[in-house]
Visitor: 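The structure is given below, and queries will be raised subsequently.
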Amino acid sequence: MSDSSVNKANAVNNDADAMSAQGYALSKKEMGFARREIRRHKLLAFSLVVPLLLFLAFAFIAPIGSMLHQGFYNPVVNDLVPETLSTLKEWDGKAQPNDIVLNAMAKDLKRLALTRDSGKFSAEINRYLPGSSSVIKSSARKLKRAEDADLADNGAQLLLAANDAWSKPKIWRSIQQAGNIYTDRNYLTALDLERNQSGEIIVRESAQVYMKLYTKTLKLALIITLLCLLFGYPLAYYLANAPSKKANLLMILVMLPFWTSLLVRTTAWIALLQTNGVINTLLLSVGIISEPLELLYTEFSTIVAMTHILLPFMILPLYSVMKGVDPSYFRAAMSMGARPIGAFIQVYFPATLPGLSAGALLVFIISVGYYITPALVGGTDGQMISNIIAFHMQQSNNWSLAAALGSLLLVLILALYWTYDKFIGASNIKLG
Amino acid sequence: MNSDSESDFLRFANVQKSYDQKNLVVKDFNLNIPEGEFLTLLGPSGSGKTTVLMMMAGFESVTSGEILLKGESITRTAPYKRNIGMVFQNYALFPHMSIAENLAYPLKIRRIPKSEIKERVDRYLELIELQGFGGRPPGQLSGGQRQRVALARALIFQPSLVLMDEPLGALDKKLREQMQLEISRLHKKLGFTAIYVTHDQTEALTMSDRIAVFNNGVVQQCAAPEVLYEQPENAFVAEFIGENNFIFGVVKEIRSNVIEIEISTGEMVRARKVDDCQIGSICKVSVRPEKLFLISEGSQDGSSDNNVITGKLLLRQYVGDYIRYYFELPDEKEVVVKVLNDHTAPNIDRGQTARLLSKENDCFAFMAD
């Protein structure tokens, strides 16, 4: 084949195949090989991460998904009085519902009374309409004694006779609201909001608990982050510039808290801070104070203990970034006439910003969701949002509200991260 | 103290440096540098050349002695008050500032008006042929471009002196050669005084007005490149700068500046006397590979007034622009001859003997250690 004919053949291929823009085209067969090779590599890479993906799906994504769902999902009332709710669908919401609804309610109430579920039902409705609990309970008690046949014919009359409240639309509206399987009530509660009788969202007039707690959590987290920065930055600087033998020893001291149980460390703070603890005894004996200070179970003790616990999270990223900052930057700045302080502020500090933002973000996010330390040393003053979430899970058994509070916390952290990314850029974060 | 010491721009007077109070890294360093000179400190690593530069910049303290700039001692002056520009091997461009901001930094510190800063930054960008790169971060520039910026940044505030610490060490060969030209060009154009540290002798030879060769904290010789290469003052300089052959022999005769030795082939070699050698002692004669001329055996050309050494060819190495011939002497020492690759390059086979001619003036006799 002559040269010109080869060129011609190539030219024909070029027209036919856009892939040959590079000047050299692969044949169909070669392309097939290449594709298979790429696919094989991808498959191999994927199969290596499958165990981790499964674990993440099982231990991370599923629980968070279920938590988000739990916050909206409230099937309790629907499970307790399904018939009433299905008949209530046709109700116009203005006057007393018709007899079909009343009959269904009476029947449901009797059944609840017999299965001892009326308390649960009344508690649920009571959340929407305070005071309705006694109405439901007493009615259920009365209807328990009624005959089934009697209920089928005269259920409505019996119900109205049991309590006058059943003739008013208010309680029915509450039942209807509580009967919704999906509800935004938990989220509204978590934001200190509620729906009034006509369904509009209003600020709850009773205790404004949660917003205050969120603000306080953010405030504490911010203070802790700033304190960690204040203590961590100079130490990291010293570590990064000390001779390696000394730096290694000090690094072990920094890491030591990581190797001690969190509980032990927190308990140690209790021993230090309590009324007859080390600090008070010392100050009393020296004569600086005449009576013990209230140190433990305050906001102060939460801040102190958490700063101590989270300090390594600030020091480590700062240290590794500072270690990488070339000392010649500082020298270059000085040779150009910058005083040491000016060179530090204008040249060294900006170079350590990636480590600083990584450390600050770590400490801030961890402290926003911290539970154990405020629970042990915080008392009532030093409680954070996670403590109230735990309270709703363990004591008040209101998992839905706990889930809503938890979800909001997650949203809050994501929003903060987004803000950070927007203004500083997440690519700036450097852990090492 | 001589009379022209006052006119000297920069003077090192008996400067010494010790890090551990036991060993001196720089011993009794004395040097006068006139304004506008390009001086290179050359030496193997650990020879003290960088320490001198750091003392000059103020980043290392001076253990004893004085550094005088324009007649005033700057020995204890803080680095930021010395007004000395510095270029580092790793460029040390501030990564969080753009190229223009990097260049403007020393001017901002000097509180120069904004309009003038802008004008000067533009002028220096043009000078280093990086117009339009001002807005980019240093990370987007190539090594050579970064080093040009670093150079411009050290020059932009018109310092009295510019120090360069192996500035081309991180670049590849080709770029290094380009940058050598670039630095020389800027030096000629702007006329600044420069102290340049390197361990690359080619770099030192091509760029400098004078070179100070360091070894073990002592300046071995400080002279212009030609002098250093053609007239080494001691064996270290002869060996360190460029390539050199050392031929060993016994001293037979000494006549004022000329020494005559008998080498292992039994031939007599005349050389310029550098070290004081005694008759009967062993000494070594240095002669550069390109100062040796090959003549085939039998020919008697120029034998009368030249040194003649007969050797057996070990290896002929084809380099391209020149050819290297490795000869062996009876004492198993090798002698290298460099011949330009033109039609005169002789064709000798391995094992053949040939005669190597050299001029007396190209041979230097040193004491053998």
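Chain letters run A, B, ... following the sequence lines, proteins first and then strands; every chain starts at 1.
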Visitor: If you compare all heavy atoms of B:Lys17 against all heavy atoms of B:Thr63, which two are closest, and at what distance to 0.1 Å?
Guide: CA-OG1, 3.3 Å
Visitor: If every non-hydrogen atom of B:Gln147 is compared with every non-hydrogen atom of B:Gln89, which pair is closest and at what distance?
Guide: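 Here B:Gln147 and B:Gln89 meet closest at NE2-O, 3.7 Å.
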Visitor: Between B:Lys81 and chain A, with a heavy-atom cut-off of 4.5 Å, which part of the residue counts as in contact: side chain, backbone, both or neither?
Guide: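 The answer is the side chain of B:Lys81.
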Visitor: Do the side chains of B:Leu10 and B:Leu39 get nearer than 4.5 Å, heavy atoms only?
Guide: no
Visitor: Between the side chain of B:Thr75 and the main-chain N/O of B:Ile67, is any donor-acceptor distance below 3.5 Å?
Guide: yes
Visitor: Classify the angle between the aromatic ring planes of B:Phe29 and B:Phe12 as parallel (below 30°), tilted (30 to 60°) or perpendicular (above 60°).
Guide: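 Correct class here is tilted.
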Visitor: Angle class for the A:Phe313/A:Phe258 ring planes (parallel below 30°, perpendicular above 60°, tilted otherwise)?
Guide: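 A:Phe313 vs A:Phe258 ring planes: perpendicular.
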Visitor: Examine whether an atom of B:Ile84 lies under 4.5 Å from a heavy atom of chain A, and if so say whether it belongs to the side chain, the backbone or both; otherwise answer neither.
Guide: backbone
Visitor: Is B:Val149 close to B:Tyr91 at the side-chain level, that is, under 4.5 Å between some pair of heavy atoms?
Guide: no
Visitor: Of B:Val87, B:Val121, B:Leu93, B:Leu107, which is the lone residue that meets side-chain contact (heavy atoms from CB on, under 4.5 Å) with B:Arg153?
Guide: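 Exactly one option meets the side-chain contact (heavy atoms from CB on, under 4.5 Å) with B:Arg153, and it is B:Leu93.
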Visitor: Are the side chains of A:Phe330 and A:Phe344 in contact, using a 4.5 Å heavy-atom criterion?
Guide: yes
Visitor: Give the interface residues of residues 223-242 of chain A toward chain B, defined by a heavy-atom separation under 4.5 Å.
Guide: none
Visitor: Let me know if B:Ile156 has heavy atoms under 4.5 Å from chain A in its side chain, its backbone, both or neither.
Guide: neither
Visitor: In terms of side-chain heavy atoms, does B:Thr198 have a donor or acceptor partner in B:Asp200 at a distance below 3.5 Å?
Guide: no
Visitor: Is the side chain of B:Glu116 donor-acceptor paired with the backbone N or O of B:Pro113 at a distance under 3.5 Å, no angle test?
Guide: no
Visitor: Do any of residues 94-106 of chain B have a heavy atom less than 4.5 Å from a heavy atom of chain A, and if so, which, in residue order?
Guide: B:Phe94, B:Pro95, B:His96, B:Met97, B:Tyr105, B:Pro106
